[in-house]
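Naming: A, B, ... by sequence-line order, numbering from 1 per chain. Given the structure is predicted, the values throughout are model-derived calculations rather than measurements. Atoms considered below: every heavy atom in the structure, side chains included; atoms not considered: hydrogens, waters and symmetry mates.
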There are 2 protein chains.
Amino acid sequence: MTSLDDVAKAAGVSAATVSRALSGRGNVSKATRAKILEVAAELDYVASSAASSLASGRMRNLGVIMPELHRWFFNTVLTGISAEATRAGYDVTLYNVTADPEVRQEIFTAFLRRRRVDAVIVVALELSDWEELELARLGIPVVIIGGSSGTLPGVSMDDAAVTELATAHLLELGHEVVGFIGGAEQFDADYKVPSQRRAGFDRALRDRHIASEPALIGEADFTIPGGFHAARQLLGTPGTGMTGLVAASDEMAIGAILAARELGIRVPEDLSVVGVDGHELGALFELTTVDQHAQNQGATAAKLILATVESDGTHPKSLQRSFDLLVRRSTARVPRESSA
Amino acid sequence: MTSLDDVAKAAGVSAATVSRALSGRGNVSKATRAKILEVAAELDYVASSAASSLASGRMRNLGVIMPELHRWFFNTVLTGISAEATRAGYDVTLYNVTADPEVRQEIFTAFLRRRRVDAVIVVALELSDWEELELARLGIPVVIIGGSSGTLPGVSMDDAAVTELATAHLLELGHEVVGFIGGAEQFDADYKVPSQRRAGFDRALRDRHIASEPALIGEADFTIPGGFHAARQLLGTPGTGMTGLVAASDEMAIGAILAARELGIRVPEDLSVVGVDGHELGALFELTTVDQHAQNQGATAAKLILATVESDGTHPKSLQRSFDLLVRRSTARVPRESSA
DNA sequence: CTCCATACTGGAAGCGCTTGCACTCAGGAT
DNA sequence: ATCCTGAGTGCAAGCGCTTCCAGTATGGAG
């Protein structure tokens, strides 16, 4: 492996100058820099990250903590982060916090404290006080996506407003009996998004003075099968007169559409379904949804935190992400005689 | 931040001894080690990875190169790798090679050459000669998953055997007109799995002396929408008499089932559909498939390569993964009068 | 024609660990 | 009793960069 010194010797300058030329910090004359760049390329020189990190304290590495990778939101956000990090020359180190509490704790103590990353992005994890403290103790910028924290900045959406918008869409179409599929009471106890989304649904109903009907509320785990089963039960309940259904995630909405099809309920003629996410499968099911631009959320968080790292190191600011209602064919005006 | 020296002083020993006690390399008396461990815990000491890496040449970091994260296979393999790496105390650095050739090249030159990882797992990427060379030049163990290489070891499946098994299953059920949905000729030009899977299908037919019918071959990109569109075209073609359909991935198989439903074709009464993967959504669609234990593939690759890293550093051996036919309700014996 | 700020450059001191080497000290073999 | 072996420990030399500092040259200001 060629080292800095090899380059310095070959270029006839000191190691210090090579370092400056390659990193862009400090002054180097144009001619010298050109010469060094040429020699470095010739020798295929790439600086050792360990040496560079040790000397400078900079890692050029971004940590990402996520609870899982299967659900669309997570891998989409991760894709966004990764693209942005790569563009900036940063590596991405993935910490997959599993359900195992020991693993989770290990991540926060052993792994993160090795000082391997310059910054951390936490995705959709509700942090315990202890965890926030550990994170703060790292002394590096932290940004939260799709979760909330009293003390840490985040790139987030108003998760209540999102379902409120979805619900309002249905109400405006004339639906009066609207159901909801969201997180189970105990689903992801440590993740507030489900309850927020539920709150938005409730709010929309309340604003129109419509009573929330417990029989119209289903619980699922945000996946397609989860939505399928919850919807089948909801739709199988006779006499509800439900003509609209809001799902707190697109995956559940898709599950609901599948359930409706199985039961011979036409979407949107008999039932309007709206989801939340902007899942790529939505197009296939012509699903009306509230797009939360997940990939963008990841990219934005990465950009935000990398800017912080590269500049002073003050704490990044929180950012509110926008979202848009994307109307497709799974929602329609309520039929004249509304009887499900 | 507390350093090794702090611990050494507090424990009344030399830094060398602390290092040995904490890393487990070299001899330290039981009493001394206990004392050091106690002090280290007390001081919340965690070694700086940069310093440790620089001095030892070990990174405790595993690189993973993937072309994408959305498709089920990828995030499932990654989950398996991550779990295993975490267990072993290794970080996972993710390199998401996008379609952009510049980014791809950048990963192989700039990123990987910083010597940040002890080993690399390449997932479902057909490497160019140049890339294999670059990888070899890194001088670290490399393992391929779901791709092939003449020179690099891998954890792989016989991708032809898999579809052969799926196809044989259909043939054994009495189906004689069997269609296939696989990769487009130019889909992932640099990824051989699609053509292998096609080859397995062809082989199964040939073994039974059944001619392969071009009209029964569909092309898609391994996703649900892709499978949907390909299947709709295949199924929409009148007079083929097709009663069985093999999809080269579960996602395409699911798309095909959706297409069949839309066209009023019953599965499995009118059409048997079999996929390949073991996708978690398969259960919902009662999809018969060939389970390739993807998460296991990831875990196995990680275990394999970490063992190599921890021991001598000789090259890891290739491993052939097993796969199992998982019969569910999407396949059935061919109806008496076979006419689609 | 001086003087001084500025642009470049090199020397050298680390960054915080790991590890080869030398040393001491028991305990077992002779 | 002597020698040898090996466990246990400390010293010190790095690992390959970064960056502070000091030194030299250069150009414009006075």
**Complete:** Taken to the nearest whole Å, CG/B:Leu22 to P/C:dC17 is 10 Å

**Message:** At 4.0 Å (heavy atoms only), tell me whether A:Arg114 reaches a base, stays on the sugar-phosphate, or touches nothing.
**Reply:** nothing

**Asked** Pick the nucleotide of DNA chain D nearest each of B:Gly26 and B:Ser56; which residue has the one closer to the 5' end?
**Response** B:Gly26

**Request:** Would you mind reading off the distance between B:Leu4 atom CG and C:dC15 atom C1', rounded to a whole angstrom?
**Result:** 13 Å

**Item:** Backbone N/O of B:Ser82 and side chain of A:Asn96: donor-acceptor pair under 3.5 Å
**Value:** no

**Request:** To the nearest Å, give me how far apart CZ (A:Arg60) and P (D:dC17) are.
**Result:** 15 Å

**Request:** Please state how far atom NZ in B:Lys9 lies from atom P in D:dC11, giving the value in whole angstrom units.
**Result:** 12 Å

**Asked** Counting only side-chain N and O atoms of A:Ser29, is one of them less than 4.0 Å from OP1 or OP2 of C:dT9?
**Response** yes

**Request:** Compare the minimum distances between each of C:dC17, C:dT9, C:dG11 and the side chain of B:Ser52, then state the nucleotide with the smallest one.
**Result:** C:dC17

**Message:** On the side chain of B:Arg115, is there an atom forming a donor-acceptor pair with the base of D:dG16 - under 3.5 Å, no angle test?
**Reply:** no

**Message:** Taking A:Ser128's backbone N and O only, do any of them form a donor-acceptor pair with A:Glu131's side chain (distance below 3.5 Å, no angle check)?
**Reply:** yes

**Message:** What I want to find out is whether A:Asp118 reaches A:Arg58 closely enough, with some N-O distance under 4.0 Å, to be called a salt bridge.
**Reply:** no

**Between C:dT9 (C1') and A:Ile36 (CD1): distance, integer Å** = 10 Å

**Message:** Classify B:Arg58 by what it touches in the nucleic acid, base, sugar-phosphate, or nothing, heavy-atom distance under 4.0 Å.
**Reply:** sugar-phosphate

**Prompt:** When the distance from CG of A:Leu54 to P of C:dA13 is rounded to whole Å, what number comes out?
**Reply:** 17 Å

**Asked** Does B:Tyr45 put a side-chain nitrogen or oxygen below 4.0 Å from OP1 or OP2 of C:dG16?
**Response** no

**Asked** At under 4.0 Å, does any side-chain N or O of A:Ser48 touch on OP1 or OP2 of D:dG16?
**Response** no

**Fill in**
Of D:dG16, C:dA12, D:dC15, the nucleotide closest to the side chain of B:Ala55 is D:dC15

**Prompt:** Should we say atom CD of A:Gln320 is surrounded by more than 12 heavy atoms from elsewhere, each under 6.0 Å from it?
**Reply:** yes

**Prompt:** Are the side chain of A:Arg113 and the backbone N or O of B:Asp44 linked by a donor-acceptor pair below 3.5 Å?
**Reply:** yes

**Prompt:** Under 4.0 angstrom, heavy atoms only, what part of the nucleic acid is B:Arg20 near: base, sugar-phosphate, or nothing?
**Reply:** base

**Message:** Please report the distance, rounded to the nearest Å, between CG in A:Asn27 and C1' in C:dT9.
**Reply:** 10 Å

**Fill in**
Per atom distances to the B:Arg25 side chain, the nearest of C:dC17, C:dA12, C:dT19 is C:dT19

**Item:** Most 5' of A:Ala51 and B:Lys30 on DNA chain D, judged by nearest nucleotide
**Value:** B:Lys30

**Request:** Answer yes or no for A:Arg114 and A:Phe111: cation-pi contact, defined as NZ/CZ to six-membered ring centre under 6.0 Å and angle to ring axis within 45°.
**Result:** yes

**Asked** For A:Asp5 and D:dT18, what is the distance between atoms CG and P respectively, to the nearest whole Å?
**Response** 12 Å

**Request:** Report yes if a side-chain nitrogen or oxygen of A:Thr17 is closer than 4.0 Å to either non-bridging phosphate oxygen (OP1 or OP2) of C:dT9; otherwise report no.
**Result:** no

**Prompt:** So what does A:Ser19 hit on the nucleic acid, given a heavy-atom distance under 4.0 Å: a base, only sugar-phosphate, or nothing?
**Reply:** base

**Prompt:** Checking all strands, does A:Thr32 fall into the base, sugar-phosphate, or nothing category for heavy-atom contacts under 4.0 angstrom?
**Reply:** sugar-phosphate

